[in-house]
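Single-structure report; data block below.
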Amino acid sequence: MSVEDDVPSLIEPSSILPAEGDAGTGGTVPLTIICGFLGAGKSTLVKRILTERHGYRIAVIMNEFGDTATINVSSPDDPGAQSEEFLELANGCLCCSIKDSGVAAIEKLMQKKGAFDHILLETTGLADPGPIASMFWQNEELAMGLGRDIHLDGVVCVVDAVFGRKQMEEDHAVDGIGESLRQIAGSDVILLNKVDLSSPEELEITEDMIRGINPVASVYRTVRGQIGLKSILGVDAYASRPFTTASLSQVETFACGGDHQDCGHNHSHGQTHYEMRGISSLQVDCPTLTSTQLARLDEWIRTVLWESHLPEGETTGSGLEILRCKGMFATEDGKTYILQGVRNLYEIAEVEGAAVSAAGVPDLGKVVLIGKGLEEPVRRSFQSLLTL
Amino acid sequence: MSATPIACQSSNCPNGHPPSRLECPTCNKLGIQGSFFCGQECFKANWKTHKVIHDLATPKQPLLNDPNINKDGTFNPFGAYKFTGSLRPVYPLSPKREVPAHIPRPDYAEDGIPTSESRKAGQPPRILSQEEQDKMRTVCRLAREVLDIAASHIRPGITTDEIDAIVHEATIERNAYPSPLNYRGFPKSVCTSVNEVICHGIPDKRKLQDGDIVNIDVTLYYDGFHGDLNETYPVGRVDDDVKKVMRTARECLDEAIKLCKPGALFRDLGKTIEPIARANGCAVVRTYCGHGINDLFHCAPNVPHYAKNRAIGTMKPGMTFTIEPMINLGHNWDVAHWPDEWTAVTVDGKPSAQFEETLLITETGVEVLTAGKRRDDLYS
């Protein structure tokens, strides 16, 4: 037995954390889910994040092989030296195990190496980010151990600019919605990658297709996954806490139905409806609500999200399934609310009054739904609750 | 924990002994201060010389001098762990208790893995048929009997392991399986949580002392269904603030049960529980929640006890679930875990109390399936 073999690793002083009861939400570690089409360039992006000299401690969980996932950590002091941690996966599926072993492995690594600035969860090419996102958005219940809460920052999707359109049109549909469409629908940031290998016309078509399915995500064109980290990490896509002006402007952007350059608020977006193989997005105007209407809105959302049918009981034939929802609206008493939802998990939270007036958005009222079966009856049903 | 860097301790440091905050983990564990090295390479090179310090620091007659070993042969297996309060585990645990072969057991009894629970993950809460509801009534009644029997033995001097034996015997006497046994590897048939332990305490050889509080959490598996309940009991005479946290926990549960009826939202329970805790200078634990319970031990819905949660689900007739608020004295709701990977404790060592019932939503309201006699010591 070589003496060299049992030399333990030096530990850093911050790694022994006496568990402090932190009553507030400050200091929680953001987590970003990275999904993407097969061959789109996800791994290139992840490798770059791990090795670049950005000064952040980032842990990346990768689910490459069947029954294990690896956690790699980038260290700001020595980007070349990465540490690895393996975690066993029950049923070979990361989403099944992430609650038990995934979070536990992250905690263990944080114990050894000190807290992370960010955690990336890389899913396999076919994985649907929705269920995993909703699991992490439930934060507190997951972060057992040293009390280091993990909060969901957002979902990033890498789309292949060359084959993306074909994949979206043709990939094998599972219960009506292709995996690639689910990934786009559930994402907050979309990287249209390998643009150097595609033509401008093809790029236009593909990008329009993406925006049509998901009008609330930010779309960037990239080459070899090169993009500033600030565009994909720290997007705060699930924020319901008091907004910074930056996050509010993102909300403002989506309310305009996309990343339009000069949106003078004169085009009507109320009727936007784009469909791609059964999956579509629906934008509905939402005027200033009375408190009764707000309660009815909450009831509408929870019936649609939890029971997958409209409150009136009528289904739309093709089956109603909401993958993501976002909205911002005001009530008569001057309060502003943000709606955030992924799958059947949602929240309608009040926004700080001060932040709203700072961004100057008086009667903003839009709700965006992305999913399956979003046909006219759905819009009518939503609008009917506004006429109370 | 000093943050100021100290010069590299290596005797043959090639870098000129620069200051560093990187510490030898073995020295840290042994409590040897000042073993800092400038980098892994330097540390490795100096290892042969350095490890001599570890051997010197280790006592020559470890058994006689070790403070973690008691004179009667029992011991604390986690000597290096920074306990948050005064409670210590008292090992060895008694051998695994047997369940007679004729008693039907849940799927995890063999390998510890609740496969049936994983299969149902993500599905909405079950609506039980009339026949199934009756089975729940039966198993919950039996679970209440077992808890009351165990509680009647509480006195200073009894060990939590003896309580485990009592629960185990009473359970198999009723031809039921003690649900905690081997659930995800839990070694015993009941959870006993003393003082600062929030939940999932493992019964061991520690004697209950006058002034302690102890929570006994019993779950039975009978005729294919689970019934789950717990109560916190005083041992002898307890202090006023300890009495307060017990009463507060009971009040939180009572008030939450009053909200339960068809159409009520699971996410609203926390809105009632948290203000009661705050008003009494206590905090609501966030890490552990109530849960659906039927033919599965833990299933949908998830029932948080704190306010502003995103719990999914509306109560419907035929649903069975638990509400089990864990209330900590003081402002810290946070949780730490012992190295046994089960025992959850408060981070400041202050006591924590809990009460739990299994509930059934009926057409008109709620039925408390595990209801027992009113505890006069909890109400003024």
Straight-line distance of B/Y288 OH to B/E324 CD, nearest 0.5 Å: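 Reported to 0.5 Å precision, the distance equals 11.0 Å.
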
B/L265 portion near chain A, given a 4.5 angstrom heavy-atom threshold: side chain

Heavy-atom proximity to chain A below 4.5 Å, by part of B/S35: neither

B/H298 ring center near B/Y183 ring center (under 6.0 Å):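 Yes: the rings meet the under 6.0 Å criterion.
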
Part of A/R343 lying under 4.5 Å from any heavy atom of chain B: neither

Short side-chain donor-acceptor distance under 3.5 Å, A/W300 and A/S381: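 Present: a donor and an acceptor within the cut-off.
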
Which of B/A344, B/G313, B/C24 touches chain A most, by non-hydrogen pairs under 4.5 Å: B/G313

Leading residue by heavy atom contact count with chain A [cutoff under 4.5 Å; candidates B/H50, B/K308, B/R267]: B/R267

Evaluation steps, salt bridge (Lys or Arg N to Asp or Glu O under 4.0 Å), between B/R184 and B/E117: CA-CA 11 Å; B/R184 295 179 191 271; B/E117 285 184 5; 3.6 Å; yes

Main-chain N/O of A/G341 paired with A/R324 side-chain donor or acceptor, under 3.5 Å: yes

